[in-house]
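See structure below.
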Amino acid sequence: MAFVTEENLTALAEKRWATAAPPRLAELTTALVRHLHAFAREVRLTEDEWLAAVEWLAATGRISDDKRQEFILASDVLGLSTLVVQLNNRFEPEATPATVLGPFHIDGSPTVPYAHDMSDGVEGTPLYVTGRVLGLDGVPLPDVVLDVWQADADGAYESQLPEVDEARLRAKYRTREDGSYCVRTIAPRGYAIPMDGPVGDLIARTAISHFRPAHIHFLIEHPGHERLVTHLFQQGSEYLDSDVVFGTKDRLVVEFTERPAGRTPDGGESRTPYLQAEFDFVLQPSAGAGSRP
Ligand code: BEZ
Ligand code: FE
C-alpha cells in the first residue's frame, strides 16, 4: 500500500475509480478524477475557494426542482451542453444542424393542422414559418412531426409568468404530402436567462451578456432519421453573436421578411402586414439507414 503524497495522489485516486463497473463508468470516473486534479493543481485551488465551489454547487441543487434545472443552465452557460450536442450530432454538412434543447420543452403539445395559429390570441406581430422537411437526398418527407415552442413578444415562456397557468405558444405540426409545413404564430423576442440563482450570481461577476437572440425551437422526429433538436433565429436580432448558451449557428439564422396585408402563405387573407420566415429542414438519416460512411 502506497501512502499518499501530492505527487502520487492522482494516480492512486484514478486506480481506485478504475474499479467502477460497467467499464464505461470507470472510463468516465477516472477521467473526471484526472481532470479535476489537473484543474486544482493548475490554479493551486485554496481551501476557501474549494468550499465556495461546494456551496455554489449545493445552492444550484437547492434551487432546482421539476420546473427549474439550474445545473442544466450551468452546463448551458459553460458551453458544455452545446459541446455535448456537437459531439453527438455529427450530421452531414447538408443536414440541418442541431442545437441545445433548453429547459422549456414540454412533452404532449397538442397536434394541430397545417397553418394552425398557435399564438391563440397572444399579442404580437403575426409570423408564418413555412418550408419543407427533406431527406438528405432532397426528397420531401410527408407526415413528419415538428414539435414547435417559443417565447412570447416580451421574451417570456408561460412557466415564467405566474398569471399564465396553461401551455401556450407551442404545438405539433405535421408535414403534408409534399413535405411542406406552415406554422402560424407571433414573432418571439430574445430574452435573458434566469439571473436570480447561483448561475446568475456567477454571470453577474463577468462581462458575459445573459441574453439569447430571438428564436423558435423545433424538435423534428421521423422514422429512419436522427431526431433533430434545433432552433430558427431571427436575422438581425440582438445577441446573435453573443448567445449566452452558445446555441446560435449561422445556418439557422433566417430572415423574418415583412409582407404586406393580403394573401398569406396558407392561401388565407391577412388584414394586417405580417412576417414570413422560410426554411427547409434537412434530416440526417439514422446511422445504418443510408447515411454516407
Ligand atoms: C431556451 O432557448 O429556451 C434556453 C436554452 C438554454 C437555457 C435557457 C433557455
Ligand atoms: Fe428558447
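Counting convention: from 1, in listed order, for ligands and their atoms alike.
- Residue His231: no N/O/S atom is found under 2.8 Å from the Fe ion (ligand 2).
- Distance check for Gln150 against the Fe ion (ligand 2): none of its N/O/S atoms falls below 2.8 Å.
- Screening Asp243, Asp241, Asp76 for a salt bridge (charged side-chain N to carboxylate O under 4.0 Å, His left out) involving Arg212 leaves a single residue, Asp243.
- Within the 4.5 Å cutoff, no side-chain heavy atoms of Thr96 are placed close to those of Phe218.
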Exercise for the section: Could you walk me through whether Arg168 and Glu163 pass the salt bridge (Lys or Arg N to Asp or Glu O under 4.0 Å) test, one step at a time? Expected result: CA-CA 12 Å; Arg168 57 172 217 178; Glu163 70 277 17; over 6 Å; no
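- Classification of the Phe281-Tyr181 ring pair by plane angle, with boundaries at 30° and 60°, yields tilted.
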Indicate every side-chain donor-acceptor pair of residues 27-34 with a distance under 3.5 Å to a residue at least two apart or in another chain.
{"from": "Glu27", "atom 1": "OE1", "to": "Arg24", "atom 2": "NH1", "distance (Å)": "3.2"}
{"from": "Thr29", "atom 1": "OG1", "to": "Trp17", "atom 2": "O", "distance (Å)": "3.3"}
{"from": "Thr29", "atom 1": "OG1", "to": "Leu25", "atom 2": "O", "distance (Å)": "2.9"}
{"from": "Thr29", "atom 1": "OG1", "to": "Ala26", "atom 2": "O", "distance (Å)": "3.3"}
{"from": "Thr30", "atom 1": "OG1", "to": "Ala26", "atom 2": "O", "distance (Å)": "2.7"}
{"from": "Thr30", "atom 1": "OG1", "to": "Glu27", "atom 2": "O", "distance (Å)": "3.2"}
{"from": "Arg34", "atom 1": "NH1", "to": "Glu14", "atom 2": "OE1", "distance (Å)": "2.7"}

Show me a pair-per-line table, with atom names and distances to 0.1 Å, of protein N or O atoms that are under 3.5 Å from an N or O of ligand 1.
{"from": "ligand 1", "atom 1": "2 (O)", "to": "Tyr191", "atom 2": "OH", "distance (Å)": "2.6"}
{"from": "ligand 1", "atom 1": "2 (O)", "to": "Arg212", "atom 2": "NH1", "distance (Å)": "2.5"}
{"from": "ligand 1", "atom 1": "2 (O)", "to": "His215", "atom 2": "NE2", "distance (Å)": "3.0"}
{"from": "ligand 1", "atom 1": "2 (O)", "to": "His217", "atom 2": "NE2", "distance (Å)": "3.0"}
{"from": "ligand 1", "atom 1": "3 (O)", "to": "Tyr157", "atom 2": "OH", "distance (Å)": "3.4"}
{"from": "ligand 1", "atom 1": "3 (O)", "to": "Tyr191", "atom 2": "OH", "distance (Å)": "2.8"}
{"from": "ligand 1", "atom 1": "3 (O)", "to": "His217", "atom 2": "NE2", "distance (Å)": "3.1"}

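- Here the two rings, on His215 and Tyr191, have centers that are under 6.0 Å apart.
- Annotation: side chain of Phe256 is in contact with side chain of Pro188 (closest heavy-atom distance under 4.5 Å).
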